[in-house]
Amino acid sequence: MYSSQSIEQETVPATRSATGAPETEERTRDRVLHAVLQQGPVSAAELGEQLGFTPAAVRRHLDSLSKQGLVEVKLVANQAAGAGRPARRYVLSHRGQRKLGNDYLDIAGDALAELGRAAGPEAVNAFAAKRFAALEDRYRPAVEAAGDSLSGRAAALSEALTADGFVGSTRDVGLNQPTATMVSVQLCQGHCPIQDLAREFPVFCDEETKAFSRLLGVDVRRLSTLAGGGHVCTTHIPVGRQQTPQHTEKRTRVKITRQERPR
């Protein structure tokens with residue numbers, strides 16, 4: 001006799017590891033967690049389509065991750081459908097972010113706090129500046145190879161961030177929208193390995209923003225950070241003004257007779 005869980009599992013395409021063995025539930029759940037990290041905010045249907053799971057199976061994994069406190073639901077207004085109930089989208093929780101690579105941050109936080117007490121806040125600021133100057137030096141060749149296009153340079157920076165575990169992505173804002181006068185790129189980071197450290201020492205976010213600005217050659221602005229409670233770090237990169245058609249002003253000639261002229 002089959003349980004409801006075993007029947008549900010049979011409806012899911014068998015996921016196999018590199019050795020050809022069926023994938024364990026824990027491994028499959030980790031794949032769902034990483035997909036939420038990379039795609040969030042994302043719906044259960046979108047996750048199922050991406051991973052090849054039935055809607056019932058992906059919701060089962062999401063429910064389990066939610067009970068563990070690793071993912072949470074974010075209600076997002078459905079702009080395409082207009083007014084109505086907000087759509088449910090999944091994002092990583094703070095605990096989920098910690099699970100994916102925040103090792104030794106407690107030790108690092110204690111060390112920086114001790115540095116601040118011994119040498120003053122300026123020493124912590126100098127340490128953060130040095131760290132992101134080194135990151136800037138590593139990223140510069142890839143960003144400069146992308147050419148003069150800000151969108152291309154932002155995409156190259158996003159790829160470099162992803163290679164370092166920050167899960168970068170970009171999206172254009174205002175492009176091909178007749179009502180938008182400005183065009184920009186939003187650079188998003190879905191994961192921050194040092195977000196707990198940055199929460200205690202905001203100078204890390206400040207220095208990272210300065211490094212982005214120098215790499216891209218424009219003033220950028222932080223819209224949200226994981227350390228500040230956002231579900232992603234978002235950086236606004238201005239690209240320029242959008243060319244919009246100028247409407248010719250219609251002028252009306254008014255004829256004034258002698259009697260109507262002011263005296």
Side-chain angles (χ1 to χ4, degrees), residues 2-101 151 154-156 158-177 185-192 223-224 226 230-234:
Y2 293 97
S3 66
S4 59
Q5 181 177 0
S6 64
I7 292 174
E8 183 183 62
Q9 288 176 342
E10 287 187 349
T11 65
V12 181
T15 306
R16 297 184 176 276
S17 66
T19 61
E23 196 169 67
T24 64
E25 283 281 296
E26 183 178 358
R27 173 59 182 154
T28 302
R29 200 155 291 145
D30 281 344
R31 288 181 60 211
V32 174
L33 184 65
H34 278 82
V36 174
L37 165 67
Q38 294 170 355
Q39 303 297 328
V42 62
S43 69
E46 291 166 340
L47 284 172
E49 183 177 353
Q50 176 188 341
L51 299 173
F53 296 162
T54 64
V58 76
R59 285 192 180 91
R60 175 166 56 83
H61 290 303
L62 287 169
D63 286 345
S64 177
L65 292 169
S66 181
K67 289 176 181 177
Q68 296 175 53
L70 301 177
V71 301
E72 59 190 22
V73 174
K74 179 181 178 65
L75 297 179
V76 179
N78 193 339
Q79 297 178 352
R85 293 180 60 186
R88 291 168 59 89
R89 296 289 187 270
Y90 290 88
V91 297
L92 251 64
S93 65
H94 175 61
R95 184 176 179 183
Q97 292 281 347
R98 287 180 60 90
K99 176 180 171 66
L100 297 177
S151 296
S158 168
E159 292 175 4
L161 288 165
T162 297
D164 272 354
F166 290 90
V167 192
S169 64
T170 60
R171 72 182 188 95
D172 296 319
V173 178
L175 191 64
N176 298 323
Q177 296 180 6
V185 173
Q186 285 190 355
L187 171 65
C188 297
Q189 297 156 258
H191 178 55
C192 177
L223 302 181
S224 67
L226 285 159
H231 70 272
V232 293
C233 295
T234 305

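Heavy-atom basis, side chains included; hydrogens, waters and symmetry copies ignored.
The distance from atom CG of L161 to atom SG of C188, rounded to the nearest 0.5 Å, is 11.0 Å. Atoms OG1 and CZ, on T28 and F53 in that order, are 5.0 Å from each other to the nearest 0.5 Å. Between the CG atom in L47 and the CZ atom in R89 there is a gap of 10.0 Å [rounded to 0.5 Å]. Between R31 atom CZ and H61 atom NE2 the span is 9.0 Å, to the nearest 0.5 Å. Rounded to the nearest 0.5 Å, atoms CG (L51) and CD (E46) are 11.5 Å apart.
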query: Does the side chain to side chain contact (heavy atoms under 4.5 Å, CB included) test come out yes or no for Q189 and L226, once each step is laid out?
result: CA-CA 9 Å; Q189 297 156 258; L226 285 159; 5.6 Å; no
- prompt: side chain to side chain contact (heavy atoms under 4.5 Å, CB included) between D172 and S151: does it pass, once the steps are laid out?
  reply: CA-CA 8 Å; D172 296 319; S151 296; 3.9 Å; yes
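S158 contributes no side-chain N or O that, together with a main-chain N or O of A154, makes up a donor-acceptor pair within less than 3.5 Å. With hydrogens and angles ignored, the 3.5 Å screen pairs a side-chain donor or acceptor of S224 with a backbone N or O of V232.
Partners of E159 by side chain to side chain contact (heavy atoms under 4.5 Å, CB included), not counting sequence neighbours: none found.
Considering only heavy atoms from C-beta on, S66 stays 4.5 Å or farther from V73 through its side chain.
The shortest non-hydrogen separation linking L62 to V71 is O-CG2, 3.9 Å.
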